[in-house]
Amino acid sequence: MIDLRIVRSDPEAVRASQLARGEDPSLVDRLLTADAQRRAAVASADELRAEQKSFGRTVGRASPEERPALLARGKELAGLVKQAEAREVSAEQELRGAHLAVPNVIEGAPPGGEQDFVVLEEIGTPPTFDFTPRDHLELGELLGAIDMERGAKVSGARFYFLRGVGAQLQFALLNLAMQTAIGNGFVPMVPPVLVKPESMEGTGFLGAHADEIYRLEADDLYLVGTSEVPLAAYHSGEIIDLAGGPARYVGWSSCFRREAGSYGKDTRGIIRVHQFDKVEMFSYCRPEDAEAEHLRLREFEQQMLAAIEVPYRVIDVAAGDLGSSAARKYDCEAWVPSQQAYRELTSTSNCTTFQARRLGVRYRGEDGKPQTAATLNGTLATTRWLVAILENHQQADGSVRVPEALRPGLGGREVLEPIR
RNA sequence: GGAAGCGUGCCAGAGCGGCCGAAUGGGACACACUGCUAAUGUGUUGUGCUCGUCAAGGGCACCGAGGGUUCAAAUCCCUCCGCUUCCGCCA
């Protein structure tokens, strides 16, 4: 939820943000109207409650004989208060609806849609092969590392087994990510992957992406699509201490996505799957520190990408392609030889105070007063990274060179060899 | 899964249907006193919404959450959530 004070004091800025996102600027006016109406409803209900309260006291002080005469007026007041409160509730609902309809105000994101990203950096050079490169699935099968067929047999399409060096490679990668984060002061976390509706809702994932999410109806729980959800909800409703700088967490979890509406897209291999593992960074900080923290998260992502030695580029995602919570988002996309294209490996979003406001995460400012915190998140490694590692480091015989940083996690192996 | 109990402010812990935003103790903070520390004294010690110049200062709400009864509820009733204990079952 955006800050209503900004809507009141500078509605034009919010309208401009809406336009940059390609969304309806008139939602801002609906919000302003709803805000004014709610305040009027609160004022009149407060007034009636005050009257009822003081009248109630006189009833309490009255003698038993005069009390019955007063009860009629008391009943009347109770009825009026009830009506006023009903108006208050409906005004609040209208406001909430209008409030939730407005996404975060962008901060520096380029205007436009999905294609309007700006490339900030290109690191490394796409490899050239003097043989026909294999795609990651072919390599994975040669190495005995990825088994899609049995994944489908056991669980259906878009499921897979990582086995042998595939499983080990993922452990090596995710462990390296955890170590990198821990070394930079992040608190390691293994969060729950099933969460309550309010946690899902609070983090903003039940809006436009509701059909992306697995729901366990019998228990009214949701499977998270990223550990951002439990990590963001971790401090919900709390006033946290940010005096010593940002509170940083790094979560390792499985992530679950229904991939509804992506039929036929990336059906081969492990690029787009229903379940994968991810190491995710999450920061809570003061709003004034958020932009710098965002760049720091990006830096950590780039350190990881450097460690796996693949070419990649950094893009500044366009306003229209941001999630509703994000004010700005940077993606790192690795080169995938079999597709001759860059594919997203990391994504870091600055949600400013948008997400924390809904979750009720605050900190104490200089004056000791509670203020809404800012939240940020960023990817440090995922199962998809295996695609880039396998394809970029493949050799003519189907073997794959192991980037140095991952060797310790693979028992020192320098090359993964085909198993037959 | 069954049974019982509990859920109050930073913590501990009272609380009769009206005089409770809430006793008391501890902690923390400020000031005073003290050569320093300690001790002592006095004061402060929540959050949200709202009116007001995001002032001074008002008003309303909040005692796990949500409903209900009542002129009036922390206090009575219902539902849910969480915690504890016991029984059963089982990785």
Side-chain angles (χ1 to χ4, degrees), chain A residues 1-11 13-14 31-100 190-202 216-222 230 233-244 247 286-288 353-354 356-373:
Chain A
M1 290 192 269
I2 64 171
D3 188 346
L4 282 179
R5 285 172 308 182
I6 290 175
V7 184
R8 287 174 202 151
S9 64
D10 194 3
V14 186
L31 182 53
L32 278 171
T33 306
D35 179 45
Q37 282 175 351
R38 185 195 69 106
R39 283 191 284 169
V42 165
S44 80
D46 274 2
E47 205 173 309
L48 278 164
R49 267 190 296 259
E51 192 179 344
Q52 188 199 30
K53 207 171 160 181
S54 71
F55 187 79
R57 279 190 236 275
T58 69
V59 175
R61 280 193 299 268
S63 63
E65 303 83 68
E66 46 192 15
R67 193 166 291 185
L70 295 172
L71 290 188
R73 174 63 180 156
K75 265 198 193 304
E76 189 190 347
L77 276 172
L80 290 173
V81 166
K82 204 163 189 171
Q83 284 173 29
E85 287 181 340
R87 284 193 296 273
E88 200 179 1
V89 167
S90 76
E92 247 149 36
Q93 281 169 347
E94 167 61 21
L95 174 63
R96 184 172 167 77
H99 204 172
L100 291 177
V190 177
V193 294
L194 284 168
V195 300
K196 299 199 262 188
E198 58 258 45
S199 301
M200 205 45 111
E201 194 160 38
L216 288 122
E217 180 126 28
D219 299 286
D220 201 19
L221 289 170
Y222 292 92
Y234 186 66
H235 283 306
S236 61
E238 297 180 14
I239 296 175
I240 59 174
D241 185 6
L242 294 178
R286 294 195 189 86
E288 61 268 31
T353 58
F354 188 88
R357 182 166 295 104
R358 206 190 303 196
L359 287 165
V361 183
R362 295 173 297 164
Y363 70 99
R364 290 195 188 278
E366 302 294 317
D367 57 359
K369 293 287 172 214
Q371 308 281 336
T372 301

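Lettering of chains follows the sequences in order, A, B, ..., and the numbering in each one begins at 1. These values consider heavy atoms only, across backbone and side chains, with no hydrogens, waters or symmetry-generated copies.
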Any carboxylate oxygen within less than 4.0 angstrom of a Lys/Arg side-chain nitrogen, looking at A:Glu88 and A:Arg49? yes
Does the A:His99 side chain pair with the main chain of A:Ile2, one donor and one acceptor, at a distance under 3.5 Å? yes
Write down the distance separating the P atoms in B:C83 and B:U8, rounded off to the nearest Å. 14 Å
Base-pairing mate for B:C80 - Watson-Crick or G-U, with both contacts under 3.5 Å: B:G64
Would you mind reading off the distance between A:Lys196 atom NZ and B:G64 atom C1', rounded to a whole angstrom? 11 Å
Can you tabulate the close N/O pairs, meaning under 3.5 Å, that link protein atoms to atoms of nucleotides 16-23 of chain B?
from: B:G18; atom 1: O6; to: A:Arg67; atom 2: NH1; distance (Å): 2.9
from: B:G18; atom 1: N2; to: A:Gly56; atom 2: O; distance (Å): 2.9

Does the structure show a Watson-Crick or G-U wobble partner for B:C89, both distances under 3.5 Å? Name it, or say none. none
In Watson-Crick or G-U wobble terms, with both distances under 3.5 Å, the base opposite B:G25 is B:C11
Closest heavy-atom pair and its distance - A:Glu94, A:Ala34: CG-CB, 3.9 Å
Are A:Lys196 and A:Asp220 within salt-bridge range, i.e. N to O under 4.0 Å? no
Determine the Euclidean distance between corresponding C1' atoms of B:G13 and B:G7; express it in Å to zero decimal places. 14 Å
5'-most contact on RNA chain B (nearest-nucleotide basis), A:Arg49 vs A:Lys75, goes to A:Arg49
Taking it one step at a time, do A:Arg5 and A:Ser9 satisfy side chain to side chain donor-acceptor pair (under 3.5 Å)? CA-CA 6 Å; A:Arg5 285 172 308 182; A:Ser9 64; over 6 Å; no
Euclidean distance, atom CZ of residue A:Arg73 to atom C1' of B:A72 [Å, nearest integer]: 15 Å
Closest non-hydrogen atoms of A:Tyr363 and A:Thr372, given as atom of the first, atom of the second and distance, are CE2-O, 3.5 Å
Might you confirm whether atom CD of A:Glu85 has over 12 heavy atoms from other residues, nucleotides or ligands at distances under 6.0 Å? yes
Please classify the nucleic acid contact of A:Glu76 as base, sugar-phosphate, or nothing, using heavy-atom distances under 4.0 Å. nothing
Heavy atoms under 4.0 Å, any strand shown: does A:Leu77 hit a base, just sugar-phosphate, or nothing? nothing
Return the nucleotide paired to B:U69: Watson-Crick means purine N1 to pyrimidine N3 with N6-O4 or O6-N4, wobble means G-U with N1-O2 and O6-N3, both under 3.5 Å. none
A:Arg362: which residues meet the salt bridge (Lys or Arg N to Asp or Glu O under 4.0 Å) condition with it, sequence neighbours left out? none
Heavy-atom closest pair, residues A:Glu92 and A:Val42: OE2-CG2, 4.3 Å
Protein proximity profile, nucleotides 43-59 of chain B - base contact B, sugar-phosphate-only contact S, no contact -, cut-off 4.0 Å on heavy atoms: ----SSSSS--B----B
Only pairs with both distances under 3.5 Å count, Watson-Crick or wobble alike; so what is the partner of B:G52 in this structure? none
Please give the nucleotide sitting opposite B:U42 as a Watson-Crick or G-U wobble pair, both distances under 3.5 Å, or none. B:A30
Determine the Euclidean distance between corresponding C1' atoms of B:G46 and B:C29; express it in Å to zero decimal places. 14 Å
Verify, without hydrogens or angle tests, whether A:Arg357 (side chain) and A:Met1 (backbone) share a donor-acceptor contact under 3.5 angstrom. yes
Taking CG from A:Leu48 and C1' from B:A61, how many angstroms apart are they, rounded to a whole number? 15 Å
For the C1' atoms, the ones on B:U84 and on B:C10, what distance do you get once it is rounded to whole angstrom? 23 Å
Can you tell me how far C1' in B:U85 sits from the matching atom in B:A30, rounded to whole Å? 45 Å
Residue whose closest nucleotide on RNA chain B lies nearer the 5' end, A:Glu85 versus A:Leu70: A:Glu85
Whole-Å C1' distance, B:A32 and B:G18: 41 Å
Gap in Å between the two P atoms, one belonging to B:C60 and one to B:A22, rounded: 13 Å
Same-atom distance (C1') from B:C16 to B:A12, integer angstrom: 23 Å
Rounded distance (Å) that lies between atom C1' of B:C60 and atom CD of A:Glu51: 14 Å
Contact under 4.0 Å: A:Gln52 side-chain N or O vs B:C71 OP1/OP2: no
Look through every strand shown and name the nucleotide pairing with B:G17 as Watson-Crick or G-U wobble, where both distances are under 3.5 Å. none
Is it true that A:Glu76 and A:Arg73 have a side-chain N and a carboxylate O under 4.0 angstrom from each other? yes
